[in-house]
Colleague: 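This structure is in structure tokens; I'll ask about it shortly.
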Amino acid sequence: MSNKRVKQILKKKLHKEELRRAKRRKRNQEPVLERPEAVREEKQKILIVCEGENTEPSYFEKFKLSTATITSVGEGYNTIALVERAEKLSKKDNYDQVWCVFDKDDFPNENFNSAIYKAEALGFKVAYSNQAFEYWLILHFEDHQGGSMHRNTYCKKLNSYLEGFGVTYDCDSKKITDTFFEVLQSKIEGEEHSRQKIAIKRAERNLAFFDDSNPANEESSTRVFELIREIEKFI
């Protein structure tokens with residue numbers, strides 16, 4: 001083979017090698033596009049510790065949340081004892097929020113207020129009612145302006161409103177049935193918002209009448225609407 005032919009072959013090999021090197025340099029300079037791993041969003045865990053064994057748990061359990069889970073327990077404890085129980089239960093799981101739900105009823109003012117302050121000191125939130133939880137339910141039907149309303153009248157009032165829907169609130173078992181809950185979520189004819197939204201506005205307005213310095217004397221009021229607002233974020 002002539003020297004000229006050898007040089008031509010060698011030149012082609014060198015050219016091919018140079019092309020391969022150029023391609024490698026280009027690949028090294030290009031960003032590596034990898035498919036990001038799917039990140040599974042953890043649902044928030046909300047613990048609701050209730051004084052009532054039936055009414056409150058049966059109510060909160062009806063909410064269907066997409067980005068959070070509710071653990072609602074009715075302990076039968078009241079005021080300070082309930083907060084202490086909530087503290088124990090909160091340690092059983094990694095809860096994002098802990099709420100205490102209890103009533104003023106006939107408990108001493110000092111016990112009621114102390115329970116609120118103790119819960120807040122522990123980082124818990126309090127959805128108290130003065131006098132009782134059913135006051136929150138009444139606000140779904142009645143534009144009560146926050147004045148005194150004794151809890152002994154709550155059940156009768158609720159059933160007077162529910163009669164038109166063919167629903168009854170059992171004053172003994174005090175459980176919120178599916179049909180009762182549906183009524184609470186329904187819209188009032190001629191109104192833009194649901195009964196729940198309207199109850200939130202009424203409860204917030206009534207609470208604003210007070211300066212929050214002595215919750216035991218803030219009748220009639222409820223902070224349940226604050227918990228419902230939080231729940232609505234996860235529906």
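Sequential numbering from 1 along the given sequence is applied to the chain's residues.
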Colleague: Taking the side chain from Arg202 and the backbone from Leu139, do they hold a donor-acceptor pair closer than 3.5 Å?
Modeller: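 Side chain of Arg202 to backbone of Leu139: a pair is present.
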Colleague: Is it true that Arg151 and Asp106 make a salt bridge, defined as a side-chain N closer than 4.0 Å to a carboxylate O?
Modeller: yes
Colleague: According to the ring pair (Phe, Tyr, Trp, His ring centres under 6.0 Å) rule, which pairs have a member within residues 189-213, sequence neighbours left out?
Modeller: none
Colleague: Taking the side chain as everything from C-beta on, heavy atoms only, tell me whether Val101 gets closer than 4.5 Å to Phe60.
Modeller: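 They are in side-chain contact.
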Colleague: In Å and rounded to the nearest 0.5 Å, what is the CZ to CG distance from Phe225 to Leu207?
Modeller: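 So the gap between those two atoms works out to 5.0 Å.
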Colleague: Tell me every residue that passes ring-ring contact (aromatic ring centres under 6.0 Å, His included) with Tyr77, counting only those two or more places apart in sequence or in another chain.
Modeller: none
Colleague: Does Arg223 come within less than 4.0 Å of Asp212, counting only side-chain N to carboxylate O?
Modeller: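 Salt bridge between Arg223 and Asp212, a charged N being under 4.0 Å from a carboxylate O: yes.
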Colleague: Any salt bridge linking Asp170 with Lys175? Criterion: basic side-chain nitrogen under 4.0 Å from a carboxylate oxygen.
Modeller: no
Colleague: Would you indicate whether the side-chain heavy atoms of Lys157 and Glu142 approach each other to under 4.5 Å?
Modeller: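 Counting from C-beta outward, Glu142 and Lys157 do come under 4.5 Å.
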Colleague: Quick test of your reading: applying salt bridge (charged side-chain N to carboxylate O under 4.0 Å, His left out), list the pairs with at least one residue in residues 127-137, sequence neighbours left out, ordered by first then second residue.
Modeller: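 For residues 127-137, and leaving out neighbouring residues, there are no salt bridge (charged side-chain N to carboxylate O under 4.0 Å, His left out) pairs at all.
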Colleague: In sequence, state the C-alpha distance, the side-chain angles, and the governing distance for Gln145 and Arg205, and then conclude on side chain to side chain contact (heavy atoms under 4.5 Å, CB included).
Modeller: CA-CA 8 Å; Gln145 299 294 312; Arg205 177 204 60 201; 3.4 Å; yes
Colleague: Between Val73 and Thr71, does a side chain to side chain contact (heavy atoms under 4.5 Å, CB included) hold up when you go through it step by step?
Modeller: CA-CA 7 Å; Val73 293; Thr71 301; 4.3 Å; yes
Colleague: Rest of the hydrophobic cluster containing Ile198 (Ile/Leu/Val/Met/Phe/Trp/Tyr, side-chain heavy atoms under 4.5 Å)?
Modeller: Ile188
Colleague: Atom OG of Ser58 and atom CZ of Phe180: how far apart are they, to the nearest 0.5 Å?
Modeller: 9.0 Å
Colleague: Identify every side-chain donor-acceptor pair in residues 45-55 under 3.5 Å, counting partners at least two apart or on other chains, and give the distances.
Modeller:
unit_1	atom_1	unit_2	atom_2	d
Lys45	NZ	Asp93	OD1	3.2
Lys45	NZ	Asp93	OD2	3.4
Glu51	OE1	Asp103	N	2.7
Asn54	ND2	Ser173	O	3.0
Thr55	OG1	Tyr169	OH	3.4
Thr55	OG1	Lys174	O	2.6

Colleague: With rounding to the nearest 0.5 angstrom, report the CD1 to NE2 distance, Ile138 to His140.
Modeller: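 The NE2 atom of His140 is 11.5 Å from CD1 of Ile138, to the nearest 0.5 Å.
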Colleague: Take Asn159 and Glu163, measure what side chain to side chain contact (heavy atoms under 4.5 Å, CB included) needs, and give me the verdict at the end.
Modeller: CA-CA 6 Å; Asn159 278 319; Glu163 186 177 1; over 6 Å; no
Colleague: Please check: side-chain N/O of Gln97 versus main-chain N/O of Tyr95, any donor-acceptor pairing under 3.5 Å?
Modeller: no
Colleague: Return each pair, listed once, that meets side chain to side chain donor-acceptor pair (under 3.5 Å) where at least one residue sits in residues 112-125; pairs must be two or more places apart or across chains.
Modeller: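 Checked against side chain to side chain donor-acceptor pair (under 3.5 Å) - neighbours excluded - the pairs reaching residues 112-125 are Asn113-Asn214.
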Colleague: Under the rule for salt bridge (Lys or Arg N to Asp or Glu O under 4.0 Å), what residues qualify as partners of Lys64, not counting sequence neighbours?
Modeller: none
Colleague: Can you see which heavy atom on Ser186 is nearest to which on Val183, and at what distance?
Modeller: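 Smallest interatomic distance, heavy atoms only, reads OG-O, 2.6 Å.
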Colleague: Tell me if the aromatic rings of Tyr59 and Phe63 count as close, with their centers under 6.0 Å from one another.
Modeller: yes
Colleague: Tell me which pairs pass disulfide (SG to SG under 2.5 Å) where either residue lies in residues 160-221, with sequence neighbours left out.
Modeller: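 Passing the test, one end in residues 160-221: Cys155-Cys171.
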Colleague: With sequence neighbours excluded, what pairs up with Thr179 under the side chain to side chain contact (heavy atoms under 4.5 Å, CB included) test?
Modeller: Val167, Thr177
Colleague: Are Val126 and Phe107 connected in a single hydrophobic cluster, I mean Ile/Leu/Val/Met/Phe/Trp/Tyr linked by side-chain heavy atoms less than 4.5 Å apart?
Modeller: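 No, separate clusters.
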Colleague: Distance from Ile200 atom CD1 to Thr222 atom OG1, nearest 0.5 Å?
Modeller: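 It comes to 11.0 Å.
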Colleague: Please round to the nearest 0.5 Å and tell me the distance separating atom CD1 of Ile231 and atom CD of Glu226.
Modeller: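 Going from CD1 on Ile231 over to CD on Glu226, the span is 12.5 Å.
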Colleague: Begin from the C-alpha positions of Lys233 and Glu230 and carry the test salt bridge (Lys or Arg N to Asp or Glu O under 4.0 Å) through to its verdict.
Modeller: CA-CA 5 Å; Lys233 295 177 183 178; Glu230 192 63 30; 3.0 Å; yes
Colleague: What residues, two or more places apart in sequence or in another chain, satisfy ring-ring contact (aromatic ring centres under 6.0 Å, His included) together with Phe112?
Modeller: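 ring-ring contact (aromatic ring centres under 6.0 Å, His included) list for Phe112, sorted by chain: Phe102, Tyr128.
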Colleague: Does a donor on one side chain sit under 3.5 Å from an acceptor on the other, for Glu61 and Ser72?
Modeller: no
Colleague: Does the side chain of Asn206 reach to within under 4.5 Å of the side chain of Ser220, using non-hydrogen atoms?
Modeller: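 No. Closest side-chain heavy atoms not under 4.5 Å.
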Colleague: Before accepting this row, confirm whether a basic side-chain N of the pair Lys201/Glu204 lies closer than 4.0 Å to the acidic partner's carboxylate O.
Modeller: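 Salt bridge flag = no for Glu204 with Lys201.
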Colleague: Show the atom names and distances, to 0.1 Å, of all donor-acceptor pairs under 3.5 Å that link a side chain in residues 78-85 to residues at least two apart or in another chain.
Modeller:
unit_1	atom_1	unit_2	atom_2	d
Arg85	NE	Glu75	OE1	2.6

Colleague: Does Phe141 form a side chain to side chain contact (heavy atoms under 4.5 Å, CB included) with Leu162? I'd like the steps, not just the answer.
Modeller: CA-CA 9 Å; Phe141 305 95; Leu162 292 171; 3.9 Å; yes
Colleague: Just how far is it from atom NZ of Lys104 to atom CG of Asn130, taken to the nearest 0.5 Å?
Modeller: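 The NZ atom of Lys104 sits 6.5 Å away from the CG atom of Asn130.
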Colleague: Side chains of His144 and Tyr135: any donor to acceptor distance under 3.5 Å?
Modeller: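 The criterion, which ignores hydrogens and geometry beyond distance, is satisfied for His144 and Tyr135.
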Colleague: Listed by chain and number, what are the side chain to side chain donor-acceptor pair (under 3.5 Å) partners of Lys62, not counting sequence neighbours?
Modeller: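 Not a single residue meets the side chain to side chain donor-acceptor pair (under 3.5 Å) criterion with Lys62.
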